[in-house]
Amino acid sequence: MEERAQLALLPEKRAERQTSDRIERLKFWHNTPLVVTLVGTITIMANGLVGYFQSQQTTFNSIAIKQLESTLGEAQKRSDDERERQLAKLKNDLQEGAAAADATRKATKEERDFAYKVIEKELAKSDDTRARAAVLLFLVRAGVLNSLNRGELERMALADLEGTKSPSEAVIPPTLGRRDFELPHYNLQPPAPSPGQTQSASRLLTLAVSEINKNVEETTSADRIADYWRAVNLDPMQMGQAPWSAAFISWLILKVDSPVKITPSAANAQIWNDALRKKLTFLPGEKPALPGDIAVFLRVRTASELSDARAGKSGGTPGQAGVIYSVDGSTFTSIEGNSADAVRLVTHGMTEPNLLGFIRLADAVP
C-alpha cells in the first residue's frame, strides 16, 4: 500500500522538481553579467528617451511661449501705432477745423466791418431823414449789406421813407454815420526853409502844405484821392476803402521830381525799403529830423520786428507816413494822408515805438 501511494505521488514530485529547475535556470540567467548589462542599458536608454522627450517638450513649450509673447507684443505695438495714428488724425482734424472756423469768423467780421463802414460813410453825406433812408434802402437792395440783417435794415429804411419825420423821430438813428471828428479846414503857412535841409525836401513840404490846405477828405474829394491812387498805378474804382497814406506820399514825391527817384508804392514799407537802398533814410537819434523829411511808421509788435523793418526786411506791414511840418523838441507834426479819412496834421513823439525812421529827399546821388 505504501509503495502504491508513493508511486501515485511520483508524477507530482517530478513536476515540482521540473518547475524548481526552471526557476533556478531563470535565476541563473537573470543574474548573469550579460543580462544585468542589457537590463542596465535598456534602463539607461529608457531614461534617456524619457529625458529627451521631456527636453523636447520643454523646448517646444519655450518656443511656443516666446512666439506667443512676440505675437502679443506685435499686436500691442500695432494697437499703439493705430491709436497714435488716430490721435494724430483727430488732432489734425481739430486744428484744421479750428483754423477754418477762425478764418470764417475773421472773414465774416471783416465783411460786417466793411458793410458798417459803408453805411456810416454814405449816411454821413446828409442830415435829411428821407435821403438817409433812401441811401440805406439802396445799399440793402443792391446787396452791399448782405452780411448784416438785411430785413431789419430794409424795414427801418421803409419806415423813414413814409411821411416826413424829423431826425428825432427817425427809425434810423441820427447818430449813425455822424463823424466823431470835424472835417478838415486847414490854412497852414509854409514854414521858413530849415538850415541843412535839402531843396528837394523843402519843395516836398511846400507841396504837402498846399495839399492839406485843399482840405482833402473822402466824402468830398474823391477825385483828388483818385489822383493819389493813379500815382501808384492802381485803379481808384478798384480800391474801395483801402488805405491811401502811401499813395498820398508817392504822389507828393512824384510831383517834386527830385534827382534821386523813389519808386511809388501803395505800401509805406516798400517806400522805406527803396529809400533805404538809395541811402536816403536815417533813424531817430542819428541826426535831427527837419521839416520836409518824411516820417514813416509801421505797425510792429516787437523790437525785433521793428529792427527787421528798419533793415528793409518788411514789405507788407501796414503803416502810416507823413511829411514833417514842424519840430518842437521831442515832438513833431506831420502832414499825412488817410488820417481819419482825410489829409490832416498829426502830432507825434520822437520816441514812439512804431516810428520806423525818416526819409530825406536828396538833391544829388549820395
Side-chain angles (χ1 to χ4, degrees), residues 179-218 220-221 224-225 227-228 231 243-256 258 262 265 267-269 271-272 275 280-300 306 309-310 317-362:
R179 294 177 180 272
D180 295 328
F181 48 84
E182 295 182 356
L183 293 176
H185 52 277
Y186 292 102
N187 187 22
L188 301 182
Q189 298 299 315
S194 301
Q197 185 56 286
T198 65
Q199 293 181 6
S200 295
S202 296
R203 291 200 307 274
L204 181 72
L205 176 56
T206 300
L207 181 60
V209 170
S210 173
E211 202 64 16
I212 195 174
N213 286 340
K214 291 182 174 65
N215 295 314
V216 177
E217 59 93 23
E218 290 185 358
T220 61
S221 311
R224 193 57 164 179
I225 296 172
D227 290 338
Y228 304 155
W244 43 275
S245 166
F248 171 69
I249 292 296
S250 294
W251 182 86
L252 292 174
I253 292 173
L254 284 176
K255 288 292 184 181
V256 169
S258 64
I262 296 177
S265 175
N268 288 301
I271 294 175
W272 171 268
L280 301 177
T281 63
F282 61 97
L283 303 182
E286 288 187 346
K287 60 183 177 182
L290 300 174
D293 292 334
I294 301 171
V296 182
F297 302 84
L298 290 185
R299 296 177 191 171
V300 294
L306 180 62
R310 285 175 170 172
T317 306
Q320 185 74 1
V323 179
I324 294 179
Y325 177 73
S326 65
V327 178
D328 183 12
S330 60
T331 63
F332 65 91
T333 61
S334 62
I335 299 171
E336 303 176 11
N338 195 48
S339 177
D341 299 336
V343 178
R344 297 180 184 274
L345 190 66
V346 184
T347 301
H348 295 282
M350 288 288 184
T351 58
E352 287 186 15
N354 61 339
L355 175 58
L356 189 60
F358 305 98
I359 298 172
R360 181 172 295 171
L361 299 185

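Residues: numbered from 1 along the sequence shown. Predicted, not measured: the structure shown is a model, and the values here were computed from it.
- To the nearest 0.5 angstrom, Gln320 atom CD is 13.0 Å from Leu356 atom CG.
- A donor-acceptor pair is defined here as one N or O able to donate and one able to accept, closer than 3.5 Å; such a pair exists between the side chain of Thr198 and the backbone of Leu361.
- Looking at Tyr186, its side chain does come within 3.5 Å of a backbone N or O of Leu345 through a donor-acceptor pair.
- Nearest heavy-atom pair across Ile271 and Ser250 is CD1-OG, 3.5 Å.
- Listed here is the closest heavy atom pair of Ile294 and Ala321: CG2-CB, 4.4 Å.
- Counting heavy atoms from C-beta on, the side chains of Ile249 and Val296 never come closer than 4.5 Å.
- A donor-acceptor pair is defined here as one N or O able to donate and one able to accept, closer than 3.5 Å; such a pair exists between the side chain of Gln197 and the backbone of Pro291.
- The CG atom of Leu280 lies 9.5 Å from the OG atom of Ser200; values are rounded to the nearest 0.5 Å.
- Heavy-atom minimum distance, Asn338 versus Glu218: OD1-OE2, 3.6 Å.
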Item to check | Worked check of side-chain hydrogen bond (donor to acceptor under 3.5 Å, both in side chains) between Glu336 and His348 | outcome: CA-CA 11 Å; Glu336 303 176 11; His348 295 282; 2.6 Å; yes

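- For the residue pair Leu306 and Pro353, the shortest heavy atom distance occurs at CD2-O, 3.5 Å.
- Put simply, CD on Glu211 and CZ on Phe248 are 6.0 Å apart, with the number rounded to the nearest 0.5 Å.
- For the pair Ala342 and Glu217, the tightest heavy-atom approach, listed with the atom from each and the gap, is CB-CB, 3.5 Å.
- Put simply, the side chain of Asp293 gets close to the backbone of Leu290: a donor and an acceptor are under 3.5 Å apart.
- The 12-atom threshold is not exceeded at NZ of Lys255, counting heavy atoms of other residues, nucleotides or ligands nearer than 6.0 Å.
- The two residues Gly196 and Arg360 have their closest heavy-atom pair at O-NH1, 4.2 Å.
- The distance from atom OG1 of Thr220 to atom CG of Asp341, rounded to the nearest 0.5 Å, is 11.0 Å.
- Summarising the geometry, atom CZ belonging to Phe332 is positioned 5.0 Å from atom CZ belonging to Phe358; distances are rounded to the nearest 0.5 Å.
- Counting heavy atoms from C-beta on, the side chains of Leu205 and Pro191 come closer than 4.5 Å.
- Here the side chain of Arg224 pairs no donor or acceptor atom with the backbone of Val216 at under 3.5 angstrom.
- Between the Thr333 side chain and the Ser326 main chain, a donor and an acceptor come within less than 3.5 Å of each other.
- The side-chain contact (heavy atoms from CB on, under 4.5 Å) with Ile335 is formed by just one residue from the set Leu207, Leu252, Ile324, Val209; it is Val209.
- At distances below 3.5 Å, at least one donor-acceptor pair connects side-chain atoms of Thr206 with backbone N or O atoms of Ser202.
- You'll find the side chain of Phe297 stays beyond 4.5 Å of the side chain of Asn268, heavy atoms only.
- Rounding to the nearest 0.5 Å places CG of Leu355 at 8.0 Å from CE of Met350.
- Using modelled atom types, no side-chain atom of Asn354 and backbone atom of Arg299 make a donor-acceptor pair closer than 3.5 Å.
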